[in-house]
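Worksheet for the structure shown next.
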Amino acid sequence: MSELAVEVRGLRKAYGPVVAVDGIDLSVRRGEIFALIGPNGAGKTTTLEILEGHRRADAGHVRVLDVDPARNDIAFKARIGIVLQSTSIQPYLTVEETVEQFRGYYPAPRPLDELIDIVGLDASRTKLVRRLSGGQQRRLDVAIGLAGDPELLFLDEPTTGFDPAARRGAWEMIRGLKALGKTVLLTTHYMDEAQALADTVSIIRGGLIVAEGTPDELRASQAETVISFRFAGSSADLPPAASAATIENGRAVIHTTDPTTALQELTGWAKGRGEALEGLSVTPASLEDVYLGLTGDEAQ
Amino acid sequence: MALRQVGYENRSFWRNPAAAFFTFLLPLIFLVLFNSLFGDSKLTIDGRELDGSTFYVPGIVALAVVSACYTNMGMMVTIARDNGILKRVRGTPLPPWAYIFGRLAHAMLLSLLLVVIIVGVGAAAYGTDVPTNTLPGLAVTLLLGAATFCVLGLALTAVIPSADAAPAITNATILPLLFISNVFIPLQDPPEWLATVGDVFPVKHFAAALQTAFHPDTTGAGFEWGDLAVIAAWGIVGTVLAVRFFSWEPRR
């Protein structure tokens, strides 16, 4: 048994002339939460659906739990759990019936009560699916993804459309899955989600992986510091180290990899003018900044 | 596994008011309507004289099977496909055949139940004969017809682009056929081209085979081998097309 749950080398997939995935490598270790993050159309869902066996790759080496998912074999499907990007559950069954139905598809399902409990739907057990809120349906979707007690769970944008409280709840649930020893491969376009959950983050853009590492490594790779203070003039008035500053909402914002020099110049410059740097703030770049820096305008 | 799938389909079906109404109640309403309007008249079809009610009971049986199998399959499976429900199931270890079997078996059981009710109402309210000696012919005709219309409905989903288009396309393909196939109205000297069109498709043969099974003068076991052969041929065509073109993925 390989220690990798997912191993991908040189994966490519095109739809006609449109290249969705342009030769990517991924290594997901067993037992970790791995986040594939990128803007819409970056190739996240295509990648996931190839790993799930829903689509065939044009080229590349793909192993999921040491199996080629394109073979579509039943034994493989019993070992993975899938939550697709859009929730799709029969509307006229109850929560309990739906979970029971999917449990019936697997050789060694998790207990019914436990599944309903994990996703917090105890109070809605006998409700029809169509009477659930969007967030509740999504959680039911996760419950049926877990029905077969999978080794590896795919979650395609699990929290899109959730309110902040529901997202926190979903994060707790996903951390709980890791505690159960599951491997989780999720896609998201929220950097804070990747930061909160993932052991490894892979940033994908235009079908290519543009950065990968732990959240800390990614932050360190982009060792920028953001300096800002209240300023009404034009950037031409600022000293050389701050000449690339942007002026927005009455503040100057400077991204720099050498904050010591920049600050020294700025304080000298301010003292020389007999002014203070009002509202001065110095912060390390957030993962969000790293992400936006790497994915550019597409992410906005 | 496949049998439990039938059970879930069944529960879903009865909780969906639109499906239950159109598939189940509509044929019964037509049965009462047509029999009240024309039940007492004498008809001559293919040179054979019969009561209106003896015409309408098998006619509505044909309608019920077509709507429970063909229309129901065409619409509900397309809707399930477009909602991603088929794709969701495809990602589980449930074998694809078991899912399709669940759908097929449910539709066939549903049409069987409808037939029993229609025959019962026909006998109780309109004095039509319940087939006895022709029971073997009736059973084979029903099974073959139901299976054929199910696979044709499945095959049809391949050409339906979206759930929105499903009701229009299923009805547009089947309603005209029901009118020219001795189901709603007995065809008295139809134009030759219309008769020919009717002869090509399976609905008319299905209705004809059922008429034979229900006609009190029929002797023997009630098999119409010619009609059954045409229905079976369509069943084979439908199966081949469905296997070749059926899609589990929503269309975009």
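First the proteins, then the strands, lettered A, B, ... as listed; each starts at 1. Side chains are part of it too, since the values below use all heavy atoms of this structure and drop only hydrogens, waters and symmetry mates.
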Have a look at A/D149 and tell me which of A/R79, A/R103, A/K182 forms a salt bridge (Lys or Arg N to Asp or Glu O under 4.0 Å) with it. A/K182

Modelled atom types, side-chain donor and acceptor of B/T173 and B/Y70, under 3.5 Å: yes

In terms of heavy-atom proximity below 4.5 Å to chain A, should B/R4 be classed as side chain, backbone, both, or neither? side chain

At a 4.5 Å cut-off on heavy atoms, which part of A/E52 comes close to chain B: side chain, backbone, both, or neither? neither

For A/I89, is it the side chain, the backbone, both, or neither that has a heavy atom closer than 4.5 Å to a heavy atom of chain B? backbone

With a 4.5 angstrom heavy-atom cut-off, which part of A/D141 approaches chain B: side chain, backbone, both or neither? both

Determine whether B/F24 and B/L110 make a side-chain contact, defined as any pair of heavy atoms from C-beta on separated by less than 4.5 Å. yes

Sort A/L128 into side chain, backbone, both or neither according to what part of it lies under 4.5 angstrom from a heavy atom of chain B. side chain

Identify which of A/G145, A/G104, A/G53, A/P107 forms the greatest number of heavy-atom pairs closer than 4.5 Å to chain B. A/G104

Does any heavy atom of chain B fall under 4.5 Å from the side chain of A/F76, the backbone, both, or neither of them? neither

So, are A/E151 and A/R30 salt-bridged, with charged N and O less than 4.0 Å apart? yes

With a 4.5 angstrom heavy-atom cut-off, which part of A/T87 approaches chain B: side chain, backbone, both or neither? backbone

Considering all heavy atoms of both residues, which atom of B/Q5 and which atom of A/Y105 are nearest to each other, and what is their separation? OE1-OH, 2.8 Å

Against A/E49, only a single residue in A/K44, A/K13, A/R55, A/Q85 fulfils side chain to side chain donor-acceptor pair (under 3.5 Å); can you say which? A/R55

